[in-house]
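Inspection log for the structure reproduced underneath, given as structure tokens.
Residues take their numbers from the sequence shown, with the count starting at 1.
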Amino acid sequence: MPHRSNQVVSSQDRPRVEAGEKPRSPGPNWGVRAGGLAGSLALLALALWFFRIPLADGLMRAELNHRGVDADFRIVKLDLDGADLAAIRLGPAENPDVTVRAGIVRWAWHGLSPELSLLHLAGPRLRLRLDQGGRLSAGQTGNLLSGGGPATRRPSVPRLQLTIEDGQALLDGPFGPIAASFRSHGELGRDFEASAEIQPTSGARPGYAVANARAVARLRSNGDALALHLDAAADGVVWAAVRGAGVNLSVDAHAPLNLGRAAAEFTWREAEFRSGDAFIGQAFTATVTADAAMKNDALAPAQWRAAARGGAGSAVIAGARLTQAAMTLDANGGGADGRGQWRIGAERFAGLSLISDSPSAEGSFSFELTGDETAHGEAHLVLARSALDAEARGKLHAAFPDVASAPIGPTFAQAQRALDAAARGFDLTAPITFDAGEDGGHVIVNAPIEAHAANGVRLRLSPLRTDAPAFVLQWPQSSLGGAVDIELSGGGAPRASL
């Protein structure tokens, strides 16, 4: 039979199995196994895709919780190109730091790495807090800017499409709340524009107040640059013991998108500025320019330089008045350390019982804000074309006894005339050094103070001891000490040493 014959032939083709030998198993079917693995991966990918929203939701909440941020949000859509979110809240539910009605995030893939390409925020609401020490806080959202370990490179501004619609911010300060609006559109590095505005606002609380405060800020980004301009003003400001009237501030700042460098100019004007009774300035102006090269691993200056120019129609410092004062300062440094020179001049000085028609002071300084936070400086004070005021001259005249009939009468009379003439015209120079640290500071006079009068009288105040200064003023204790050797000679005055 044909069927039987086929069976015989088939059996004859099979390999013979010797006695005691195990039959060989057929080889592995790699095609079947690869197909099973691909199917399993496909099922896993399908499961991950199906559960992508709850998985992403859980990961985001866990990370925010790890950063100490109480948050809530709803993921509306999530795919390989981006996500749509709604009802975003960061911070406590009863008083959130940030809320956003809706957000759209898009990213582009570079190999296996996503890069943010678009961010659209609708109706963001921010809440900021300013305490009496001038420290600004964003609440829990400030935690998002910290953590994550030490930085390995400097942050930069990404090139992305950034749109903000109907943004509102509320600054709660010691003087009360101030509201601001903000918005933006365009692509950073191409045609980006953002603006923020504070409408005229007044507020007051015990010891703090603002009157008619307003501000406008604009940020633009074209090419590889950022440009910021800010104008702010207030009719009046009260901050504890500090008071200002007619306050105006203007800021211009520039930086590349990689934030490798930064430059800024600040212009400040005040009709009147007062810090208790220690300082009162009128028609005050100041301009500060600064630029810095940033570190590679942090948004902090590696090298910097700054210059300041200022002036005041009048300034009263601890009871002494400067008229038409002008100040210059130039400084440079690296990181938190620096050094510089300064100079102050004025048309007139009146105080400390004397008047000078050509006062000036100049000096140098250095500081280290890393580690022990110290500062050191030297100054040279010149009060040229000076005279004692009428009250001081009267006291000097009265200090001489009336001994006209005594043998020493002519000598005293000569000394009185010489010192009275000297008090009406002299130049005074005083070298000063200062040191400051975390525990306070010292103003030290350890070199002679000299006065040279037009009639030839010379007065010299030197340290009495070689191992101690003439004067030492300590602050904040405000204690003055020292020992002085006084020498008087020339111009008809009797030679004396005290």
Side-chain angles (χ1 to χ4, degrees), residues 89-99 123-142 164 166-183 194-219 228-253 264 266-288 308 310-319 321 325 476:
R89 171 183 61 79
L90 301 177
E94 64 278 5
N95 192 16
D97 302 317
V98 177
T99 62
R125 299 292 184 265
L126 309 181
R127 186 178 182 87
L128 305 172
R129 299 159 187 85
L130 183 67
D131 65 17
Q132 296 180 357
R135 293 176 291 271
L136 186 66
S137 170
Q140 293 183 5
T141 55
I164 300 176
D166 185 30
Q168 301 288 331
L170 185 68
L171 174 64
D172 188 8
F175 35 69
I178 292 182
S181 60
F182 60 95
R183 63 196 63 84
S195 63
E197 183 175 4
I198 296 175
Q199 294 290 341
T201 303
S202 298
R205 289 174 179 169
Y208 300 86
V210 291
N212 197 28
R214 62 267 186 203
V216 175
R218 300 189 184 282
L219 177 65
L228 170 69
H229 179 77
L230 166 69
D231 285 315
D235 292 348
V237 177
V238 177
W239 190 283
V242 177
R243 297 172 180 264
V247 182
N248 289 270
L249 174 66
S250 178
V251 179
D252 282 291
F266 305 83
T267 302
W268 178 25
R269 297 182 179 88
E270 288 200 40
E272 182 173 309
F273 176 81
R274 176 188 292 267
S275 178
D277 295 328
F279 180 86
I280 302 173
Q282 294 181 333
F284 182 84
T285 63
T287 299
V288 178
S314 68
V316 179
I317 306 172
R321 179 181 293 275

Would F279 and I317 satisfy side chain to side chain contact (heavy atoms under 4.5 Å, CB included), going step by step from the backbone distance to the final call? CA-CA 5 Å; F279 180 86; I317 306 172; 3.6 Å; yes
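- With rounding to the nearest 0.5 Å, the separation of CG in D252 from OG1 in T267 is 7.5 Å.
- W268 contributes atom CH2, which lies 5.0 Å from atom CZ of F284 (distance to the nearest 0.5 angstrom).
- To the nearest 0.5 Å, atoms CD (E197) and CZ (R183) are separated by 7.0 Å.
- Residues I280 and G276 approach most closely at CG1-O, 4.3 Å, considering heavy atoms.
- Taking OG1 from T141 and CG from L128, the interatomic distance works out to 7.5 Å, rounded to the nearest 0.5 Å.
- For D277, the CG atom is loosely surrounded, since the number of other residues' heavy atoms within 6.0 Å does not exceed 12.
- The two residues L170 and P177 make their nearest non-hydrogen contact at CD1-CB, 3.9 Å.
- Within the 3.5 Å criterion, the main-chain N or O of Q140 finds a donor-acceptor partner in the side chain of D97.
- To the nearest 0.5 Å, atoms OG (S314) and CD (Q282) are separated by 4.0 Å.
- Environment of CZ in R125: crowded, with over 12 heavy atoms of neighbouring residues, nucleotides or ligands closer than 6.0 Å.
- Scanning both residues, G134 and W239, for their nearest heavy atoms gives N-CZ2, 3.9 Å.
- Put simply, the side chain of D172 reaches to within 4.5 Å of the side chain of R127, judged on heavy atoms.
- You'll find the side chain of F175 stays beyond 4.5 Å of the side chain of V237, heavy atoms only.
- One finds the CD atom of Q132 at 10.0 Å from the CZ atom of R205 (value rounded to the nearest 0.5 Å).
- Considering every non-hydrogen atom in both Y208 and A240, the closest pair reads CE2-N, 3.6 Å.
- Annotation: R89, atom CZ; neighbour count of heavy atoms from other residues, nucleotides and ligands within 6.0 Å is above 12.
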Taking it one step at a time, do R274 and V238 satisfy side chain to side chain contact (heavy atoms under 4.5 Å, CB included)? CA-CA 10 Å; R274 176 188 292 267; V238 177; over 6 Å; no
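- Considering every non-hydrogen atom in both Q168 and D166, the closest pair reads NE2-OD1, 3.5 Å.
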Please report the C-alpha distance between V210 and T201 in whole Å, then the side-chain angles of each, then the deciding distance to 0.1 Å, and finally whether the side chain to side chain contact (heavy atoms under 4.5 Å, CB included) criterion is met. CA-CA 8 Å; V210 291; T201 303; 5.6 Å; no
Between D231 and R218, is a salt bridge (Lys or Arg N to Asp or Glu O under 4.0 Å) present by the stated rule, with each step listed? CA-CA 9 Å; D231 285 315; R218 300 189 184 282; over 6 Å; no
